[in-house]
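The structure appears right after this line, and notes come after that.
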Amino acid sequence: MNTIKEMKSDVCIVGAGPAGMLLGLLLAKQGLKITVLEQNPDFHREYRGEITQPRFVQLMKQLNLLDYIESLDHVKIPEVTVFHNSNPIMNLKFNTLIEEESYCARLTQPTLLAALLKKAKEYPNFKLLFNTKVRSLLKEGEKTVGVHAQAKSGEQINFLKEQVFEGELNVHARVTVGVDGRNSTIEKLGKFEVDLEYHDNDLLWFSFEKPKTWDYNIYHFYFQKNYNYLFLPKLGGYIQCGVSLTKGEYQKIRKEGIEAFKAKIVEDMPILKDYFGNVTNFKEFVLLLCRMRYVREWAKDGLLLIGDAAHCVTPWGAVGSTLAMGTAVITADVLYKGFENNDLSLETLKQVQRRRHEEVKLIQNLQLILEKFLTREPVRKELAPLMFNIATKLPDITKTYKNLFTREKPLDIDDVFIFESESSPEKKEQIGIS
């Protein structure tokens, strides 16, 4: 007979991405007992964009984590340039939008997650289980009181050797937070309703070694004859490219074959000729569905969705992880005050969505406008760069860019979340369960 391991926690966080790890760190800093469950065996997960916007840099500075984060291997991107048929039609320098923190920061997601984990490991009340998949929610009537999961062999952080285990696991928690991405298990198990579901375009990603003539530290976008392209600098002297496709177009491309696809890309971007000379199949490419979603109500009794699980945005503008981490910080503030006041009611959990709705919908609406310029319809495809060129000269465009890339004012959170400069953790009285 299999024994089910029983654990007790103040907050159970499902998903160890940027938002989940930041939330866990901030709550552990306040003395709460935190258990994070991650279904993958480590932080090296699927291919993804790893650009953080100036609003991320602003957020790290607000938490006094910026020097720590920037001690990691990273690339600073101070500007964006847009081209049409290889001719520049727009250049945006971030220092025209904001005086300080006026750059995007490119750092790999495993690097960022490892840095957050290093901080979190300083708090013995923080625990992380890799290779652990949630199977169901624990319920008392309609209230969620934790999760049932399956733990396989994998790293387990801040557990004593005699506590390490494999098998079935119940994590009992006063609040369960689903931060498990755009294909959220918690969303499905919790039967949340989706208010917005948008998916018209996709991005086909690949990486190549930086040509000598390439300006490394610029975020490029190209309107070209065959496709539209997004180019981002990548660590280690590489460039990451996203080819904009309409939904379902990749399947047609694969049927036509790799040589036909290569020919179109090289026609658009001759600088890639040498790279594609060695490409013989589609294994070099990773398809990312540009889905935008918004869950109608993020909270149920004892259960909360945040990040991509609640408000998924498209890759355009590379703002998704930054937006999710902003929600994680607000969630930490709401839960911290909820535990202090012994009020973790549904109304308390709903505060997260109320405080984040405006910014999230602002970004989603800006992305919906941006995606209209990515159309591949014959007539509109020719007009898109012209319309974009005109739009960049409109009087209010600077405000639009500021809304997309920066935050006008710091997040309204308690000062207890600001880290001290020294690396040692602050000693906090346990405010959660015993």
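Worth knowing before you read on, the calculation uses all heavy atoms, side chains too, and leaves out hydrogens, waters and symmetry mates.
- Using a distance-only test at 3.5 Å, with no hydrogens or angles considered, no donor-acceptor pair links the side chain of Gln39 to the main chain of Asn131.
- Residues that satisfy the side-chain hydrogen bond (donor to acceptor under 3.5 Å, both in side chains) test with Asn158, not counting sequence neighbours, are absent from this structure.
- Side-chain atoms of Ile413 and Leu63, non-hydrogen and from C-beta on, do get closer than 4.5 Å to each other.
- With sequence neighbours excluded, the residues satisfying salt bridge (charged side-chain N to carboxylate O under 4.0 Å, His left out) with Glu259 are Lys262.
- Under the rule for a ring pair (Phe, Tyr, Trp, His ring centres under 6.0 Å), the partners of Phe130 that lie at least two apart in sequence or sit in another chain are Phe43.
- Applying the salt bridge (Lys or Arg N to Asp or Glu O under 4.0 Å) test to residues at least two apart or on different chains, none of the pairs has a partner in residues 80-91.
- Under the 6.0 Å cut-off for aromatic ring centres, Phe206 and Tyr275 qualify, their centroids lying closer than that.
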Verdict with reasoning, Glu358 to Lys361, per salt bridge (charged side-chain N to carboxylate O under 4.0 Å, His left out): CA-CA 5 Å; Glu358 183 178 354; Lys361 295 307 293 184; over 6 Å; no
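- Under the 4.5 Å side-chain criterion, counting only non-hydrogen atoms from C-beta, Tyr219 is not in contact with Thr81.
- Pairs of residues two or more places apart, or lying in two chains, that qualify as salt bridge (Lys or Arg N to Asp or Glu O under 4.0 Å) and include a residue from residues 325-334 are Asp333-Lys337, Asp333-Arg355.
- When the salt bridge (charged side-chain N to carboxylate O under 4.0 Å, His left out) test is applied to Lys5, no partner is found at least two apart in sequence or on another chain.
- Ring to ring, Phe261 and Phe285 are close: their centroids are under 6.0 angstrom apart.
- The local environment of CG in Asp412 is sparse, with at most 12 non-hydrogen atoms from other residues, nucleotides or ligands closer than 6.0 Å.
- Glu70 is linked by a side-chain hydrogen bond (donor to acceptor under 3.5 Å, both in side chains) to Tyr103, counting only residues two or more places apart in sequence or in another chain.
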Verdict with reasoning, Leu411 to Gln62, per side-chain contact (heavy atoms from CB on, under 4.5 Å): CA-CA 8 Å; Leu411 290 175; Gln62 182 180 356; 3.9 Å; yes
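- Closest approach of Ala309 to Asp180, counting heavy atoms only: CB-OD1, 4.0 Å.
- Listed by chain and residue number, nothing satisfies the side-chain hydrogen bond (donor to acceptor under 3.5 Å, both in side chains) test with Tyr222 (two or more places apart in sequence, or in another chain).
- In this structure the side chain of Asp274 never reaches within 4.5 angstrom of the side chain of Phe208, judged on heavy atoms.
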Val14 vs Thr185, side-chain contact (heavy atoms from CB on, under 4.5 Å): CA-CA, chis, key distance, verdict: CA-CA 9 Å; Val14 182; Thr185 296; 5.9 Å; no
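- A donor-acceptor pair under 3.5 Å is absent between the side-chain atoms of His44 and the main chain of Asp42, judged by distance alone.
- Checked against ring pair (Phe, Tyr, Trp, His ring centres under 6.0 Å), Phe56 has no partners two or more places apart in sequence or in another chain.
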Intermediate values then yes/no, side-chain contact (heavy atoms from CB on, under 4.5 Å), Leu92 and Glu79: CA-CA 5 Å; Leu92 172 66; Glu79 59 187 285; over 6 Å; no
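- Checked by atom type and distance alone, the side chain of Asp308 never pairs as donor or acceptor with a backbone atom of Gly320 at under 3.5 Å.
- Salt bridge absent: Lys264 and Glu267 never bring a charged side-chain N and a carboxylate O closer than 4.0 Å.
- Note that Lys121 lies outside the cation-pi zone of Phe126, set by a 6.0 Å cut-off to the ring centre and a 45° limit from the axis.
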For residues 287-301, tabulate all N or O donor-acceptor pairs below 3.5 Å that involve a side-chain atom, not counting sequence neighbours.
{"unit_1": "Arg291", "atom_1": "NH1", "unit_2": "Asn183", "atom_2": "OD1", "d": "3.1"}
{"unit_1": "Arg291", "atom_1": "NH2", "unit_2": "Glu197", "atom_2": "OE2", "d": "3.3"}
{"unit_1": "Arg293", "atom_1": "NE", "unit_2": "Glu197", "atom_2": "OE1", "d": "3.2"}
{"unit_1": "Arg293", "atom_1": "NE", "unit_2": "Glu197", "atom_2": "OE2", "d": "3.3"}
{"unit_1": "Arg293", "atom_1": "NH1", "unit_2": "Glu187", "atom_2": "OE1", "d": "2.9"}
{"unit_1": "Arg293", "atom_1": "NH2", "unit_2": "Glu187", "atom_2": "OE2", "d": "3.0"}
{"unit_1": "Tyr294", "atom_1": "OH", "unit_2": "Gln353", "atom_2": "NE2", "d": "3.2"}
{"unit_1": "Tyr294", "atom_1": "OH", "unit_2": "His357", "atom_2": "ND1", "d": "2.6"}
{"unit_1": "Arg296", "atom_1": "NE", "unit_2": "Asp195", "atom_2": "OD1", "d": "3.3"}
{"unit_1": "Arg296", "atom_1": "NH1", "unit_2": "Glu193", "atom_2": "OE1", "d": "2.6"}
{"unit_1": "Arg296", "atom_1": "NH2", "unit_2": "Asp195", "atom_2": "OD1", "d": "3.2"}
{"unit_1": "Trp298", "atom_1": "NE1", "unit_2": "Val295", "atom_2": "O", "d": "3.2"}
{"unit_1": "Lys300", "atom_1": "NZ", "unit_2": "Gly190", "atom_2": "O", "d": "2.7"}
{"unit_1": "Lys300", "atom_1": "NZ", "unit_2": "Lys191", "atom_2": "O", "d": "3.0"}

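- Taking 4.5 Å as the limit, every side-chain heavy atom of Cys241 sits out of range of all side-chain heavy atoms of Leu230.
- Looking only at side-chain heavy atoms (C-beta outward), Leu196 and Gln364 come within less than 4.5 Å of each other.
- With a 4.5 Å cut-off on side-chain heavy atoms, Thr348 and Val334 count as touching.
- Proximity of a side-chain donor or acceptor of Asn281 to a complementary backbone N or O of Lys283 within less than 3.5 Å is detected.
- Both tests do not hold together for Lys210 against Tyr238: distance to the six-membered ring centre under 6.0 Å, angle to the ring axis within 45°.
- Using a 4.5 Å cut-off on side-chain heavy atoms (C-beta onward), Ser136 and Val147 make no contact.
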Thr406 and Gln53: CA distance, side-chain angles, deciding distance, side-chain contact (heavy atoms from CB on, under 4.5 Å) verdict: CA-CA 7 Å; Thr406 72; Gln53 295 296 352; over 6 Å; no
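- The environment of NZ in Lys188 is crowded: more than 12 heavy-atom neighbours from other residues, nucleotides or ligands sit within 6.0 Å.
- Closest approach of Ala173 to Cys12, counting heavy atoms only: CB-N, 3.7 Å.
- Between the side chains of Arg356 and Thr327, at least one donor-acceptor pair of N or O atoms lies under 3.5 Å.
- Residues Leu129 and Leu169 have side chains in contact (heavy-atom distance under 4.5 Å, counting atoms from C-beta outward).
- Looking at every heavy atom in both residues, Thr52 comes nearest to Thr322 through CA-OG1, 3.7 Å.
- Looking at every heavy atom in both residues, Val57 comes nearest to Ala105 through CG2-CB, 4.3 Å.
- For the 3.5 Å distance criterion, the side chains of Thr132 and Gln150 fail to qualify, holding no donor opposite an acceptor.
- The closest donor-acceptor contact from the side chain of Glu249 to the backbone of Thr246 lies under 3.5 Å.
- For Lys139, the side chain to side chain contact (heavy atoms under 4.5 Å, CB included) test picks out Leu137, Thr144, with sequence neighbours left out.
- Note that CZ of Arg354 is 13.0 Å distant from CD1 of Ile330, once rounded to the nearest 0.5 Å.
- Two rings, from Phe417 and Phe419, have their centers 6.0 Å or more apart.
- Closest of all the heavy-atom pairs between Tyr68 and Ala115 is OH-O, 2.7 Å.
- Across all non-hydrogen atoms, the minimal contact from Pro233 to Ile239 is CA-CD1, 4.0 Å.
- In the model, Ser9 has no side-chain atom that pairs as donor or acceptor with a side-chain atom of His172 under 3.5 Å.
- Applying the side-chain hydrogen bond (donor to acceptor under 3.5 Å, both in side chains) rule to Lys247 yields no partners; only residues at least two apart in sequence or on another chain are considered.
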